[in-house]
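The next block holds one structure in the form of structure tokens; read it before the comments.
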Amino acid sequence: MASTFPDLPIFHAIASHDPESTAIIHSVSNRKFSYGELLTDVEKAKIRLYHQLKDALTNGQSIGGQRVAFLVENGYDYVVTLLSIFACDGIAVPLSSSFPASELRYILDNSQALTLLSSDKFKKQAETVLQEGLERRPTLNIVEKLMSGSGRDEVQLVQLPETRGGLMLYTSGTTSRPKGVVLNTSTLTAQALSLYEAWKYTPKDRLLHLLPLHHIHGTVNALLTPLFAGSSIEFLFPFNADAVWDRLAAPFLPSSQKKAENEPITFLTAVPTIYNRLLSSHPRLAPEVQDAAREAVSPNNMRLNISGSAALPTPTKQAWSDLSKGNILLERYGMTEVGMALSCGLAFEDRVDGSVGWPLPGVEVRLVDAENGEVIEPGQESDAAGKEREGEIQLRGQTIFREYWRNPKATEEEFAKADDGGGKWFKTGDVASRRQVEGAGQSEQAWAKGPCYFIKGRKTTDIIKTGGEKVSALEIERELLSLPQVSEAAVVGVANEQWGQKVSAVLVLDPAQAQTGKGGKPWGVMDMRRALKDKLAGYKIPQELKVVDDLPKNAMGKINKKSLVKEVFGPDA
Ligand code: AMP
């Protein structure tokens, strides 16, 4: 007998791939799973999960749209779990084992998860989380058991009157408690198809997956879209720079066992911190690994290397290009609520420095001047004095989420009404400018045309108002990072009576370079100001400098600037 799946494009795609071709690889053990196995295992898991959900439901509620939280390590079992939740028309809520119990309880309560699926590895952690402090206790089920036993003969895709399943990701919660972002299956499909068209994933691609799987970057860009395309996804998580270099280099070593076992990686998508860590660990590798690693990431072998989720510093982009014999990082911009929105193009000339490129296929973008609420129409990118105008990025289209989970107030606040009769615009809270760049936008990629977008930062933390001027923290960070003394930089606005906000820099210095500044003293605020004098207008140059040992970042390499300001400059700052 056939088992039924909702008629979703992701299942059509998976069923249409060569069943013998490799879908998932566990990098460390080199265990491989084909697309055929994946479909069979999802089918088995779906049947068992369906019964578990039915048992957990009372008073005849329907399974469609029920939240299923899961705590499973990155790898094949994660993929099977996610897809089997989609197959049951449930909403998958991926959890991270790195979250403290209180955070996991918050998500379970907020999402009102019906069940928590855990892998054997995280069973203890899951039991501890469920032990106490929950408003409503979900049932606990072990993922490995879902896949045991046999399935039915074939999978039948059936049209449901209404699909209610999808994915719920929690925002990083820098401003308030994390909010559940509901991405239903049609939104996920639109996001994946947009990237598929833009970045041309193929069944020949092998993607090295280094990212957490409770974020949009790891789930949509690095998992769902390659599954749509029939690419192979190799999991190597948690990130470790030496392990990544070893893996990348393996197929290019003069001769070794590893050489035969490992296929070249063609696709890498990561955050700037990961590229920085790879760059700093490369010189420490054995000489033959260094050479093989350079060959691995060269344009001959690495078809696409993408950076995003935080601003890519120009020195990082340059250093990667030098190391990789000319490969150029493609930068893109996105967020949990919208998937990916802007991206540079595949042609090297379309990977414009400091820019995140153009609106991706299916994404409508407008910039809204924060001062006067005016839409910056095409052609009005500069004011009367010739100064570039900046505006909030607002987005609409099939790729944009529809609501925060059970939070109509936040949903209402984050969308702006349209005056053209079209759908509402999502207010991203990010500020950008737009300009034509000579030589860019000439490729055959139809969406990569017109003026390029340049991100200035988040409205609330990165746009600093000082003495009546508006300053982009990201622009100053770019310049700071190009100084040899600076390893890491965060520019923040610190409340100040005279200036409104004072531009201030929090830096990690390179100990070898920063030992001496002018007059033999350690490199300090005056040295920094002197070094920036010819690069930035006076009011943009930080007035204060604090040196720290470390800039704390989350799993996606992002700095929480609100808490950084408080920690470094005190609670009133
Ligand atoms: P998240 O929802 O956690 O993925 O965070 C999304 C936020 O990351 C955006 O709202 C931006 O502030 C930031 N972001 C993402 N990509 C970029 C980029 N390429 N450059 C600068 N900021 C970025």
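Any value given below was found using the heavy atoms of this structure, including those in side chains, with hydrogens, waters and symmetry copies removed. Each ligand, and each atom within it, is numbered from 1 in the order the structure gives.
Around atom CD of Glu364, more than 12 heavy atoms belonging to other residues, nucleotides or ligands sit under 6.0 Å away.
Nearest protein neighbour of atom 13 (C) of ligand 1, counting heavy atoms only, is Ser309 O, 3.8 Å. Ranking the protein heavy atoms by distance from atom 2 (O) of ligand 1 puts Thr336 OG1, 2.6 Å first. Looking from atom 21 (C) of ligand 1 to the surrounding protein, the closest heavy atom is Ala311 N, 3.4 Å. The protein non-hydrogen atom at the shortest distance from atom 17 (C) of ligand 1 is Ala310 N, 3.7 Å.
By the criterion of a heavy-atom distance under 4.0 Å, the side chain of Lys558, and not its backbone, is placed next to ligand 1. Under 4.0 angstrom from ligand 1, the non-hydrogen atoms of Asp430 all belong to its side chain. The residue Ser307 has no part lying near ligand 1, judged by heavy-atom distances below 4.0 Å. Within the 4.0 Å heavy-atom criterion, both parts of Met335, backbone and side chain, lie near ligand 1.
Close approach to Val356 involves these atoms of ligand 1, each under 4.0 Å from a residue heavy atom: 19 (N). In summary, the atoms of ligand 1 found under 4.0 Å from a heavy atom of Arg332, numbered by their order in the structure, are 16 (N), 18 (C), 19 (N). Listed by number with element, the atoms of ligand 1 under 4.0 angstrom from any heavy atom of Arg458 are 10 (O), 12 (O).
Taking the ring centroids of Tyr78 and Phe70, they lie under the 6.0 Å cut-off.
Residue Tyr333 has no nitrogen or oxygen atom sitting less than 3.5 Å from a nitrogen or oxygen atom of ligand 1, judged on distance alone.
Look at Lys553 and Glu488 and you find a salt bridge, because one of the NZ, NE, NH1 or NH2 atoms lies within 4.0 Å of a carboxylate O, short of that distance. A salt bridge is defined here as a Lys NZ or Arg NE, NH1 or NH2 lying under 4.0 Å from an Asp or Glu carboxylate O, and Lys456 with Asp462 fails to meet this definition.
By the 6.0 Å and 45° rule, Arg177 stacks over the aromatic ring of Tyr106. Cation-pi geometry between Arg396 and Phe426 is not met at under 6.0 angstrom from the ring centre and within 45 degrees of the axis.
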Inset, instruction - Go through the steps to decide whether Trp199 and Ser343 satisfy the test side chain to side chain donor-acceptor pair (under 3.5 Å), and finish with yes or no. - result: CA-CA 9 Å; Trp199 298 342; Ser343 170; 3.0 Å; yes
Inset, instruction - Please lay out, stage by stage, how Lys427 and Glu392 fare under the test salt bridge (Lys or Arg N to Asp or Glu O under 4.0 Å). - result: CA-CA 7 Å; Lys427 303 190 274 184; Glu392 180 183 29; 6.0 Å; no
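Of the residues listed (Gln380, Glu390, Glu381), the one engaging Arg434 in a side chain to side chain donor-acceptor pair (under 3.5 Å) is Glu381, and it is the only one.
The closest approach between any non-hydrogen atom of Thr428 and ligand 1 is not below 4.0 Å. Residue-ligand proximity: Glu331 is placed with a non-hydrogen atom under 4.0 Å from ligand 1.
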